[in-house]
Amino acid sequence: MQKTSSRLLTLLSLLQTPRDWSGRDLARRLGVASRTVRRDIDRLRDLGYPITTVRGPAGGYRLEAGTRMPPLLFDDGQAVALAVALRTAATGTAVAEDAARALATLSQVMPAHLRHRIDLLRVTAVRPPAAGDTPEVDPEVLMELSRVIHARHELRLDHTSGPSAPSDAPRRVQPHHLVTWRHRWYLVAYDLDREDWRTFRVDRIRPRTPTGPRFTPRRLPGGDVSRFVTGRFRGNDGTSTDWPCQGEVILHLPAADVAPHAEEAIVEELGPHHCRLTLGSWSWTALAASLGRFDTDIDVIGPPQLVTACADLAARYARAAESSCVRLGDRW
């Protein structure tokens with residue numbers, strides 16, 4: 001028979017599984033009598049675990065959510081995963097300070113062998129340069145938006161287009177999802193006044209109270225929030241993750257030189273000095289302009305819209321160069 005302390009930990013681990021346990025099942029799993037199970041349940045209750053007795057022919061037990069945080073039990077894998085998640089969250093997120101404190105608390109109570117494993121794991125969440133000035137999001141706003149999403153209540157909110165811009169007219173929305181995209185939080189919602197789906201930056205939202213009536217959720221275009229958000233930020237209707245404008249070119253560079261700078265484009269090797277590049281953008285002009293960063297000769301395969309955009313951009317750059325020469329000659 002296990003020692004009482006070891007048996008209590010095993011019992012707690014079983015109860016943390018989201019299901020009802022009969023006294024008979026618990027006794028069999030622990031290798032003890034049903035009377036011992038009842039005494040162990042009482043011990044866990046005394047420690048603060050809200051264990052409910054389930055009525056029925058065989059009786060049973062369920063671990064409920066309580067009014068205060070009881071001691072938690074994690075196996076080694078769960079503890080390591082939690083530490084990694086907290087260490088990542090402790091860099092540049094809305095809950096960075098709380099995550100750092102939680103990680104410190106977790107480390108204090110870890111067994112020595114686990115603490116050693118975590119200390120060896122040095123994770124640094126590197127933020128891209130563009131995210132350096134990302135405004136912090138108020139955790140209370142996140143919690144309020146999460147609440148109305150779960151409750152399916154309409155929401156009135158103020159939303160600004162920039163840090164110093166005045167608030168737009170109050171918006172009436174049906175909130176559906178909170179998402180993160182490139183280190184920013186967004187609310188995906190159906191705008192009732194504009195009768196269309198919108199994404200709102202959470203750091204520019206001020207929820208109004210009270211909330212509106214309950215609503216029946218609409219089907220998101222494309223049926224998947226990841227596809228919708230990616231598609232919207234790429235300039236389409238959200239039903240696809242494809243770029244609206246896609247083209248193919250041949251670059252007079254080795255594939256190995258192009259690949260590190262190709263980002264989401266597809267690079268195919270055509271020989272020691274040439275490669276095929278398939279890439280996309282939100283407009284044909286933007287697509288043509290993005291090719292210039294490779295600083296090499298380019299053969300456009302297609303489509304015709306990309307050929308036209310390259311010609312238009314070349315003419316525009318030529319005019320810019322001419323006008324610059326004129327200004328320099330006249331010492332402007």
Side-chain angles (χ1 to χ4, degrees), residues 81 84-85 87-88 91-93 120-134 179-184 186 199 221-329:
V84 172
R87 184 160 287 173
T88 303
T91 304
T93 68
L120 291 177
L121 179 64
R122 297 298 178 184
V123 179
T124 302
V126 178
R127 305 177 76 188
D133 59 349
T134 301
V179 301
T180 57
W181 172 269
R182 296 186 177 178
H183 299 273
R184 285 194 173 97
Y186 293 89
T199 55
D224 178 80
V225 65
S226 296
R227 182 185 300 114
F228 173 80
V229 172
T230 302
R232 279 299 177 98
F233 279 111
R234 287 186 169 183
N236 63 44
D237 61 2
T239 59
S240 168
T241 58
D242 293 337
W243 289 102
C245 304
Q246 299 182 72
E248 291 183 38
V249 300
I250 293 177
L251 300 180
H252 293 220
L253 283 174
D257 292 346
V258 173
H261 311 287
E263 298 177 349
E264 298 177 1
I266 299 172
V267 182
E268 302 172 71
E269 185 175 0
L270 298 180
H273 305 294
H274 295 80
C275 66
R276 183 198 309 270
L277 187 69
T278 304
L279 71 170
S281 187
W282 58 274
S283 75
W284 293 111
T285 301
L287 184 58
S290 69
L291 297 172
R293 71 181 187 269
F294 294 104
D295 191 22
T296 187
D297 290 337
I298 303 167
D299 301 325
V300 178
I301 299 174
Q305 295 94 322
L306 180 56
V307 176
T308 301
C310 287
D312 292 343
L313 201 58
R316 191 175 302 164
Y317 284 162
R319 289 193 297 271
E322 265 184 45
S323 62
S324 297
C325 291
V326 170
R327 286 198 295 272
L328 289 172

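Any value given below was found using the heavy atoms of this structure, including those in side chains, with hydrogens, waters and symmetry copies removed.
A donor-acceptor pair under 3.5 Å is absent between the side-chain atoms of Arg234 and the main chain of Asp242, judged by distance alone. A donor-acceptor contact shorter than 3.5 Å links the side chain of Thr296 to the backbone of His252. At distances below 3.5 Å, at least one donor-acceptor pair connects side-chain atoms of Ser290 with backbone N or O atoms of Leu287.
Smallest separation of non-hydrogen atoms from Asn236 and Thr241: ND2-C, 4.3 Å. Taking both residues in full, the closest heavy atoms of Pro221 and Asp237 are given as CB-O, 4.1 Å, listed atom of the first, atom of the second, then distance. The minimum heavy-atom distance linking Val300 with Cys310 is given by the pair CG2-SG, 4.0 Å. Of all heavy-atom pairs between Gln246 and Pro303, the closest is O-CD, 3.3 Å. Nearest heavy-atom pair across Phe294 and Ala262 is CZ-CA, 4.4 Å. When every heavy atom of Leu306 is checked against every heavy atom of Gly247, the shortest pair comes out as CD2-CA, 4.1 Å.
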Decide yes or no on side chain to side chain contact (heavy atoms under 4.5 Å, CB included) for Leu279 and Leu291, but give the supporting numbers first.
CA-CA 9 Å; Leu279 71 170; Leu291 297 172; 4.0 Å; yes
Take Leu277 and Ile266 through the side chain to side chain contact (heavy atoms under 4.5 Å, CB included) test and state the conclusion after the steps.
CA-CA 6 Å; Leu277 187 69; Ile266 299 172; over 6 Å; no
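The ring-ring contact (aromatic ring centres under 6.0 Å, His included) with Phe233 is formed by just one residue from the set Phe228, Trp282, Tyr186, Trp243; it is Tyr186.
Evaluation of the side-chain hydrogen bond (donor to acceptor under 3.5 Å, both in side chains) test over residues 307-316, restricted to residues two or more places apart or in two chains, returns none. The salt bridge (Lys or Arg N to Asp or Glu O under 4.0 Å) contacts involving residues 276-296 comprise Glu248-Arg276, Glu268-Arg276, where partners must be two or more places apart or lie in separate chains.
Counting heavy atoms from C-beta outward, Ile298 and Leu251 have side chains that approach closer than 4.5 Å.
Summarising the geometry, atom OG1 belonging to Thr285 is positioned 6.5 Å from atom CG belonging to Leu313; distances are rounded to the nearest 0.5 Å.
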